[in-house]
Amino acid sequence: MTSKNDNKIIEKINSENEQPSSNKRKSYIDWDDYFMALAFLSAKRSKDPRTQVGACIVNEQKQVVGIGYNGMPNGCSDDVFPWTKESVDPLETKTLYVCHAEVNAILNTGCKDIKNCTIYVSLFPCNECAKVIIQSGIKTVKYVSDKYAKKKKIQAAKRMFDAVGVTYSKYVPKHKKLIIDFDEIDSTEDKEINIENGSS
């Protein structure tokens, strides 16, 4: 036979068990920041001394299906081919050789169907990349920088996107910086997002 005190203890335990037990971290990054961060991380692989660009392709199920950065074609040594942007001899400029991040990301999908996908890219695509984006079936472009907006190749890209219904928008990340700390995994303390100049 249980006493009144025992009943009170049982009621308290049952009440506590009914309360939500989730203590999940509240400051995890959202999908858009995650995918754009992957594009920027990919750009760190670029050997281009002037501009490092990354791209990340995501399908409607929020799965990454392709990633790439600007670099020389396979087999063309980045120690031999030029990286300069200007030269008296056009054959000694990077322009004629470098594969842009968007093209590499599309090629790296491994022939997956990328129709209606979204491409996250650090820099607005040029006209040549726009052609490939359109032909691949990608429907949305999210970019961070449009610093070459006045150049004809960017204006041409936007003209083509507008003509076929590819939407594009400037993405403003929720956090100015996301820091990757390889030592963090060994910590046993609760963590928030490692950021600078942003809200956690």
Side-chain angles (χ1 to χ4, degrees), residues 20 22-48 51-74 98-146 154 157-158 160-182 184-185 187 190-196 198-200:
S22 174
N23 292 317
K24 72 177 183 181
R25 185 165 56 94
K26 303 295 184 183
S27 64
Y28 53 86
I29 60 176
D30 65 16
W31 285 114
D32 283 326
D33 267 9
Y34 172 60
F35 296 134
M36 190 61 80
L38 288 177
F40 271 74
L41 182 61
S42 178
K44 297 295 184 183
R45 282 286 305 154
S46 176
K47 313 299 190 307
D48 193 323
T51 306
Q52 302 83 45
V53 181
C56 178
I57 301 171
V58 180
N59 65 19
E60 294 175 299
Q61 289 71 47
K62 299 188 184 303
Q63 297 169 325
V64 175
V65 294
I67 200 162
Y69 56 89
N70 56 319
M72 294 296 173
N74 291 335
V98 170
C99 289
H100 287 189
E102 300 91 326
V103 174
N104 277 330
I106 291 170
L107 292 173
N108 287 338
T109 60
C111 298
K112 291 187 182 73
D113 183 3
I114 56 175
K115 288 182 179 179
N116 300 319
C117 282
T118 297
I119 186 167
Y120 292 79
V121 63
S122 49
L123 188 63
F124 197 95
C126 70
N127 61 310
E128 294 299 328
C129 288
K131 296 175 189 177
V132 179
I133 288 170
I134 291 168
Q135 294 297 84
S136 72
I138 289 172
K139 288 300 183 183
T140 306
V141 177
K142 294 189 178 184
Y143 63 93
V144 170
S145 174
D146 193 14
I154 303 302
K158 292 176 181 177
M160 287 187 283
F161 285 155
D162 291 339
V164 301
V166 171
T167 61
Y168 52 90
S169 60
K170 180 177 176 61
Y171 182 67
V172 180
K174 307 298 186 302
H175 307 291
K176 186 175 179 180
K177 292 182 180 180
L178 293 173
I179 301 170
I180 297 176
D181 181 358
F182 288 110
E184 187 178 55
I185 194 66
S187 173
D190 291 341
K191 310 176 199 64
E192 297 300 325
I193 293 177
N194 196 357
I195 63 171
E196 291 183 4
S199 59
S200 61

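This structure is a prediction, so every number in the text was calculated from the model and none was measured.
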Review point. Do F40 and V144 have side chains that get closer than 4.5 Å, going by heavy atoms?
Key: yes
Exercise for review: Would you indicate whether Q63, at its atom CD, is surrounded by more than 12 heavy atoms from other residues, nucleotides or ligands within a distance under 6.0 Å?
Suggested key: yes
Review point. Among all residues two or more places apart in sequence or in another chain, which pass the side-chain hydrogen bond (donor to acceptor under 3.5 Å, both in side chains) test with N74?
Key: none
Practice item. Could you tell me whether F161 atom CZ has more than 12 heavy atoms of other residues or ligands within 6.0 Å of it? Key: yes
Please list every donor-acceptor pair under 3.5 Å in which a side-chain atom of residues 119-134 meets a protein atom from a residue at least two apart or in another chain.
{"residue": "Y120", "atom": "OH", "partner": "D32", "partner atom": "OD1", "Å": "2.5"}
{"residue": "S122", "atom": "OG", "partner": "G54", "partner atom": "N", "Å": "3.2"}
{"residue": "E128", "atom": "OE2", "partner": "K131", "partner atom": "NZ", "Å": "3.1"}

Practice item. Go through the structure and list residues passing side chain to side chain contact (heavy atoms under 4.5 Å, CB included) with T167, not counting sequence neighbours. Key: T140
Exercise for review: Report the residues that fulfil side-chain hydrogen bond (donor to acceptor under 3.5 Å, both in side chains) with N108, sequence neighbours left out, ordered by chain and then residue number.
Suggested key: none
**Study point:** Separation between SG of C117 and CD of E60, rounded to the nearest 0.5 Å
**Key:** 7.0 Å
Check your understanding: Side chains of K170 and Y143: does their closest heavy-atom pair fall under 4.5 Å?
Key -> yes
Review point. Is the NZ atom of K44 crowded by more than 12 outside heavy atoms at less than 6.0 Å?
Key: no
Check your understanding: In chain order, what residues pass the salt bridge (Lys or Arg N to Asp or Glu O under 4.0 Å) check against D113, with sequence neighbours excluded?
Key -> none
**Study point:** Distance, nearest 0.5 Å, that separates CE of M36 from OH of Y171
**Key:** 7.0 Å
Review point. Sequence neighbours excluded, which residues qualify as salt bridge (Lys or Arg N to Asp or Glu O under 4.0 Å) partners of D48?
Key: K94
